[in-house]
Amino acid sequence: MSTRLVLQADLTWTGSRFEPDVRIGVDERGRITAVGRLDAEPTERLPGRAVLPGFVNVHSHAFQRGLRGQGESFPAGAGSFWTWREAMYRLVSELDEPEFYRLCVQAFGEMRDAGITTVGEFHYFHHSRSGEDFAFDEVALRAAADAGIRIVLLQSYYATGGVGRPLEGAQRRFDSVSPDAFWRQMDRLESLLDRPTQSLGVAPHSIRAAGPEEIAEVYEEATRRKFVCHIHVEEQPKEIEETRVVYGKRPLELLNEILARSDRVTAIHCTQSEPGDLERYLKAGGRVCTCPLTEGSLGDGIPRALPLLHAAGRLSLGSDSNARISMLEEMRWLEYGQRLASKARGVIVTRDGHTAPALLAIGSAGGAAALGIEAGRIERGCWADLAVVDLGHPLLAGCDAETLPAALVFGAGNEVLAGTFVGGRFRPTTS
C-alpha cells in the first residue's frame, strides 16, 4: 500500500519523549507506513504543533452526557432531591432515538476535542420504549461515524436488576433477552460496521446484572470469536455486600473462578478490590480500566490496589459518565489520587521524570490494548490516530521538548489541543 500522506510536526512523541524532525507516513487505509527521518518530503507540515498518539477512552456511557451537572444530588422540586442514580433512570425512561443520537454525537465530539481518537462504548441502552427491538445499538454506531471517532462497541449483556433480582422499570430497556438473542444481535451488528473505524466487543454488565453462569457463557463465546470482554467489577461496597450474601464470595473472587484465562478481559473500576484477588486476576492476564473523574464525582473512592496495576502495566482510563471529558485530567487525577492515598498511609512519594510518560502511555497504548485495536502508538502498522498539541498556547509557555510531557499532564487541559487525526484524517477542535 503506497504512502498517501507524510506528516511532520515540530515535535513528535516517539514512545518516551518528544523529538524534532520526525516524519510519519500514512497509507490510503489510514495506517502508518513509516516513522522517522524519512527521505520523503512532508506533504503536510504542522508548524507550532506537537503530535502524540491519540488518547483511547476505554469506558464510556455516551448517553449519560445528558446528566452533566447532576452530581450527587440536585433539586427535584418541592424541597426534595434526586440522586444521580434516580436521575439516570429518569433519563433512561424518557430518551427517544433522536435525543439518544444527539447526546452520543455530543459526547463523541467532545472526546475528539479532548484528543480522544478511540472510544470503548460500554453500551447497555438497547431498546426503544416500544419493546425488545435493539434499536439503539445501531444509533450508537451511527453517532460515532458522524462524529468521526473510532469506536469499539462493547455490547452489554444485561439480564437482572440487581444480584438475583428481576429487571424492573426503566431497566427493561437494557434487557439482552437471552444469550441466543444477544448473539443474534451481535451477528446483525457485525454486518452494519464501518470496518476501518468500527469493531465489536462484549460486556457482561456486572455480577449485579448477570449471574456467574451467564457471564461464563458470554465470555466463552466471546473468546471463541476473539472479542475483548469488559465488565464492571467492585465499583461500590454495596455490590460486594450483595454478592457475598447471594454467592458467598466477592465479585472478583467469582470472576477469578469463572475465567480460566483473562488476557482478553478488562475489569472496569476495581475501586474496592482486595490486592490478593487483583493479583490473581492479573496473573491470569487481566487488565483494569479506572475512571478517576467519575469515581471521584460519585464518591466511589480511590482504588486501593492500584500500585499492582502500575507494576503490571495493564492499566487504562475511561470517561465513564462523561460528567467531564478530558483524558489529561483523568491522567492527572489517577496520579494525584495515588499520591493522596500514599500520603494517608504515611508513604512519601517523590515525583520523577518518568511519571508523565507513563501516564501518557496508560491513556493511549494501555487503552488500545484493552480494546484490542492497533492504535495508541506512533509505529508502523498502527492506525494513524494522533492528538495535535498547540505549542503556542499560553499554558505551555516556556516548555521545551523535555518538559512538555509533564506540562501536558500536570499543567494543561483540553484547551491546548488543536485537533486530532483518525485514520490520517484531520479534524480541528471545535472550541
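Treat the numbers as computed from the prediction; the structure is a model and nothing was measured.
- Note: Gln272 CD to Ile240 CD1 = 5.5 Å, rounded to the nearest 0.5 Å.
- Taking the side chain as every heavy atom from C-beta outward, Pro204 and Tyr219 never approach each other to under 4.5 Å.
- Taking 4.5 Å as the limit, every side-chain heavy atom of Leu391 sits out of range of all side-chain heavy atoms of Phe18.
- Taking the six-membered ring where the residue is Trp, Phe100 and Phe125 present tilted rings, their angle falling between 30° and 60°.
- Here the straight-line distance linking atom CG of Leu359 with atom CG of Leu317 works out to 8.0 Å at 0.5 Å rounding.
- The pair Asp187-Arg225 meets the salt-bridge criterion, with a side-chain N (NZ, NE, NH1 or NH2) lying under 4.0 Å from an Asp/Glu carboxylate O.
- Taking each heavy atom of Leu153 and Ala140 in turn, the nearest pair found is CD1-CB, 4.1 Å.
- Considering every non-hydrogen atom in both Ser364 and Val56, the closest pair reads O-CG2, 3.4 Å.
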(message) Assess the residue pair Glu110 and Arg68 against the criterion (salt bridge (charged side-chain N to carboxylate O under 4.0 Å, His left out)); give the C-alpha distance rounded to whole Å, side-chain angles, the decisive distance to 0.1 Å, and a yes or no.
(response) CA-CA 13 Å; Glu110 288 182 10; Arg68 182 166 293 178; 3.0 Å; yes
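- Of the possible polar contacts, one joining the Thr43 side chain to the Val6 backbone as a donor-acceptor pair under 3.5 Å is found.
- With hydrogens and angles left out, the side-chain atoms of Thr117 and Thr420 include no donor and acceptor closer than 3.5 Å.
- In this structure, the side chains of Met331 and Met327 come closer than 4.5 Å at one or more pairs of heavy atoms.
- Checked against the 6.0 Å centroid threshold, Tyr157 and His205 do not count as a close aromatic pair.
- Judged purely by distance below 3.5 Å, without hydrogens or angles, the side chains of His232 and His230 never pair a donor atom with an acceptor atom.
- The CD atom of Gln8 lies 9.5 Å from the CD1 atom of Ile24; values are rounded to the nearest 0.5 Å.
- Here the side chain of Thr294 pairs a donor or acceptor atom with the backbone of Ser321 at under 3.5 angstrom.
- In this structure, the side chains of Glu221 and Phe182 stay at 4.5 Å or more apart for every pair of heavy atoms.
- In this structure, Phe63 CZ and Asn322 CG are separated by 10.0 Å, a value rounded to the nearest 0.5 Å.
- For the pair Cys229/Phe227, no side-chain contact is recorded, criterion being any heavy-atom separation below 4.5 Å from C-beta on.
- Between the side chain of Asp10 and the backbone N or O of Pro47, no donor-acceptor pair lies under 3.5 Å.
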(request) Start with the C-alpha gap between Arg250 and Glu234, add the side-chain angles, then the distance that decides, and say whether salt bridge (charged side-chain N to carboxylate O under 4.0 Å, His left out) holds. (result) CA-CA 8 Å; Arg250 297 169 62 96; Glu234 298 184 342; 3.6 Å; yes
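- A donor-acceptor pair shorter than 3.5 Å can be found between the side chains of Glu295 and Thr290.
- Residues Phe108 and Asp146 have side chains not in contact (no heavy-atom distance under 4.5 Å, counting atoms from C-beta outward).
- Between the side chain of Thr33 and the backbone N or O of Asp27, no donor-acceptor pair lies under 3.5 Å.
- Arg380 CZ: 12 or fewer foreign heavy atoms inside a 6.0 Å radius.
- Using a 4.5 Å heavy-atom cutoff, the side chains of Gln236 and Arg208 are not in contact.
- Few gaps surround CH2 on Trp183; more than 12 heavy atoms of other groups in view lie less than 6.0 Å from it.
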(request) May I have the step-by-step check of salt bridge (charged side-chain N to carboxylate O under 4.0 Å, His left out) for Glu241 and Lys238, ending in yes or no? (result) CA-CA 5 Å; Glu241 293 164 9; Lys238 184 179 179 181; over 6 Å; no
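- For the residue pair Thr430 / Asp113, a side-chain donor-acceptor distance below 3.5 Å is found, with atom types taken as modelled.
- The closest side-chain heavy-atom distance from Asp300 to His269 is not below 4.5 Å.
- Side chain of Thr83 to main chain of Glu86: a donor-acceptor pair is present (N/O by atom type, distance under 3.5 Å, no hydrogens or angles).
- Remark: Arg17 CZ is loosely packed, at most 12 non-hydrogen atoms of other residues, nucleotides or ligands lying under 6.0 Å away.
- One distance of note links OG of Ser60 with CD1 of Ile151; it measures 8.0 Å at 0.5 Å rounding.
- Phe134 and His127 have perpendicular rings, their planes meeting at more than 60° on a 0 to 90° scale where under 30° would count as parallel.
- In this model, a donor atom of one side chain and an acceptor atom of the other lie less than 3.5 Å apart for His126 and Asp137.
- When atom types are taken as modelled, the side chain of Asp194 and the backbone of Gln198 share no donor-acceptor pair closer than 3.5 angstrom.
- Using a distance-only test at 3.5 Å, with no hydrogens or angles considered, a donor-acceptor pair links the side chain of Asn414 to the main chain of Ile325.
- With Glu121 contributing its side chain and Ala62 its backbone, the two residues share a donor-acceptor pair below 3.5 Å.
- Residues His123 and Phe136 keep their aromatic ring centres 6.0 Å or farther apart.
- In summary, Arg142 and Glu97 do not engage in a salt bridge, as defined by a charged side-chain N under 4.0 Å from a carboxylate O.
- Of all heavy-atom pairs spanning Cys289 and Gly318, the tightest one is SG-N, 3.5 Å.
- Under the 3.5 Å distance criterion, the side-chain polar atoms of Ser297 are left unmatched by any main-chain donor or acceptor of Leu293.
- In this structure a side-chain-to-backbone donor-acceptor pair under 3.5 Å is present from Arg332 to Val409.
- Atom OG of Ser130 is separated from atom CZ of Arg173 by 8.5 Å, given to the nearest 0.5 angstrom.
- The one candidate from Arg150, Arg425, Arg112, Arg377 that meets the salt bridge (charged side-chain N to carboxylate O under 4.0 Å, His left out) condition with Asp385 is Arg150.
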